[in-house]
Amino acid sequence: MIPKEQALLTKEDFHTRTNLPSWLYKEYETFHNTVTDKTFPCFFGMSGQLKGELRYAYINQDDWSNLPSAVEGFLDLFKLPNYKRHGLFVFVEPFEQEGSIDDYRKQFWEILQYLHEVDKVEWPEDSPRDPEHYLWDFRFNGEPIFVFGNAPAYKKRKTRHLGNAMVLGFQPRKIFQGLEGTEKGGIMSREKVRKRVEAWDQLPKHPDIGHFGDPTHNEWKQSFIGDDIEPIQGKCPFHHKSQAKIKSPFS
């Protein structure tokens, strides 16, 4: 496994390291310019980027081995006293030719499946294994994490277009403490962000966007929404190891 200190990147690494893939420097610059735009809807992303509180990682199309170490190193940050609300953004080497939303969504779930297959920590017994359960969420190294995808195929939902690479955002559930969808502070902050998102995208909120814990909501559908206003159909591609296995490309 690649050492955590090499797999997990900081803002400074893009200015001091010279051994990263050339495509990554370009995609990071696009990401930085996008999320620091004064009108960018996500206050968390903008503030975290400006303050250097975000962390980054990358995977190549033929090698995903950076990912487990990077996510594990990222989660270690939350063991520190007075941890900040860090977010992890993982850049995926761009396709040779831009794909469709379905192409990126397929690879998104393949990446999460791979991460799950190499995870050495068992999920808690009371944690739902089936993504159709309203309390299901993705876990790694014992931590529940909300993971969401951004891709160049998003043409209408511009807030999900962060460059030529697919970018996976990892947000541990614990950073939402006090900002849950059932709490007053959480409701207010989410509504502010969602109004700004609608203004950027010129589209209503996607019907699959909701809050964790809502019995009518499926968290997995929120991870990679459509570039439209149509609910996602079908079942989640993710399978827990205790269920029927789906072999990922690098397992």
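Just so it is clear, the model here is predicted, and its values are computed rather than measured.
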> Could you check whether atom CD1 of Ile209 has more than 12 heavy atoms from other residues, nucleotides or ligands sitting under 6.0 Å from it?
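Counting other residues, nucleotides and ligands, CD1 of Ile209 exceeds 12 neighbours.
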> Under 6.0 Å from the NZ atom of Lys51, do we count more than 12 heavy atoms belonging to anything else shown?
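Result for NZ/Lys51: open.
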> Any Lys/Arg nitrogen of Arg105 or Glu110 sitting under 4.0 Å from an Asp/Glu carboxylate oxygen of the other?
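The answer is no: the pair does not qualify as a salt bridge.
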> Apply salt bridge (charged side-chain N to carboxylate O under 4.0 Å, His left out) to the pair Asp137 and Arg173, showing each step before the final yes or no.
CA-CA 9 Å; Asp137 50 17; Arg173 185 71 59 195; 3.5 Å; yes
> Would Val197 and Leu203 show up in the same hydrophobic cluster when neighbours are defined by side-chain heavy atoms closer than 4.5 Å?
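Different hydrophobic clusters.
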> Centres of the Trp123 and His116 rings: under 6.0 Å?
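That pair passes the under 6.0 Å test.
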> Determine, for Glu143 against Lys174, whether the closest basic-nitrogen to carboxylate-oxygen distance falls under 4.0 angstrom.
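Result for this pair is yes, salt bridge flagged.
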> Gln49 vs His32, test: side chain to side chain donor-acceptor pair (under 3.5 Å). Steps then yes/no.
CA-CA 7 Å; Gln49 178 64 20; His32 172 81; 2.9 Å; yes
> Can the ring centroids of Phe148 and Phe138 be said to lie less than 6.0 angstrom from one another?
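Ring centroids of Phe148 and Phe138 are no less than 6.0 Å from each other.
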> What's the verdict on side chain to side chain donor-acceptor pair (under 3.5 Å) for Gln61 and Gln107, showing C-alpha distance, side-chain angles and the deciding distance?
CA-CA 10 Å; Gln61 287 294 333; Gln107 188 177 55; 2.8 Å; yes
> For His206 and Pro231, work out which heavy atoms get closest and say how close.
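So the minimum-distance heavy-atom pair works out to CE1-CA, 4.3 Å.
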> Do you know the tightest heavy-atom contact between Leu8 and Ala70?
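In this case the closest contact between Leu8 and Ala70 is CD1-O, 3.6 Å.
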> Hey, can you tell me if Trp64 and Tyr114 have their rings parallel, tilted or perpendicular (30° and 60° cut-offs)?
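Perpendicular, since the angle between the ring planes exceeds 60°.
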> Determine, using the 4.5 Å side-chain heavy-atom cutoff (strictly less than), whether Ile225 and Ile229 are members of one ILVMFWY cluster.
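Ile225 does not cluster with Ile229.
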> Report whether Val121 and Leu77 are members of the same hydrophobic cluster (ILVMFWY, side-chain heavy atoms less than 4.5 Å apart, transitive linking).
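Each belongs to a different hydrophobic cluster.
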> Report the residues that fulfil side chain to side chain donor-acceptor pair (under 3.5 Å) with Glu125, sequence neighbours left out, ordered by chain and then residue number.
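In terms of side chain to side chain donor-acceptor pair (under 3.5 Å), with neighbours along the sequence ignored, Glu125 is linked to no residue.
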> Can Asp63 and Ser65 be said to form a side chain to side chain donor-acceptor pair (under 3.5 Å), step by step?
CA-CA 6 Å; Asp63 183 3; Ser65 58; 2.6 Å; yes
> Is the distance from the ring center of Tyr28 to that of Phe14 below 6.0 Å?
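Between Tyr28 and Phe14, the centre distance is under 6.0 Å.
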> Would you say Thr36 and Thr34 make side-chain contact, with heavy atoms under 4.5 Å?
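Of all side-chain heavy-atom pairs linking Thr34 with Thr36, none is under 4.5 Å.
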> With side-chain contact (heavy atoms from CB on, under 4.5 Å) as the criterion, how do His161 and Asn150 come out once you've worked through the C-alpha distance, each side chain's angles and the decisive distance to 0.1 Å?
CA-CA 6 Å; His161 184 128; Asn150 308 273; over 6 Å; no
> Does the ring center of Tyr104 lie less than 6.0 Å from the ring center of Phe224?
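No.
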> Testing Trp109, Phe140, Phe108 for side chain to side chain contact (heavy atoms under 4.5 Å, CB included) with Val147, which one passes?
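That would be Phe108.
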> Which heavy-atom pair separates Gln6 from Arg17 by the least distance, and what is that distance?
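So the two residues come closest at O-NH1, 3.4 Å.
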> Measure from the ring center of Trp200 to the ring center of Phe40 and say whether it is less than 6.0 Å.
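For Trp200 and Phe40, the ring centres are under 6.0 Å apart.
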> Atom CE in Met166, atom CD in Glu93: separation rounded to 0.5 Å?
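That separation rounds to 12.0 Å.
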> Are Phe91 and Phe31, when compared by the centres of their aromatic rings, separated by less than 6.0 Å?
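Between Phe91 and Phe31, the centre distance is under 6.0 Å.
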> Let's go through Ser127 and Arg139 carefully: what are the C-alpha distance in whole Å and the side-chain angles of both, what is the deciding distance for side chain to side chain donor-acceptor pair (under 3.5 Å) to 0.1 Å, and is it a yes or a no?
CA-CA 9 Å; Ser127 177; Arg139 287 176 178 265; 3.0 Å; yes
> Can you check side-chain contact (heavy atoms from CB on, under 4.5 Å) on Ile175 and Phe44, steps first, answer last?
CA-CA 11 Å; Ile175 72 172; Phe44 169 79; 4.1 Å; yes
> Salt bridge check: are Lys79 and Asp76 linked by an N-O gap of less than 4.0 Å?
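Salt bridge: yes.
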> Identify the two heavy atoms, one from Ala153 and one from Gly99, that lie closest to each other, and give their separation to 0.1 Å.
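In terms of heavy atoms, the two residues are closest at CB-O, 3.5 Å.
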> Using the side chain to side chain contact (heavy atoms under 4.5 Å, CB included) definition, which of the options Ile101, Asp228, Asp227 pairs with Arg157?
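Of the listed residues Ile101, Asp228, Asp227, the side chain to side chain contact (heavy atoms under 4.5 Å, CB included) partner of Arg157 is Asp227.
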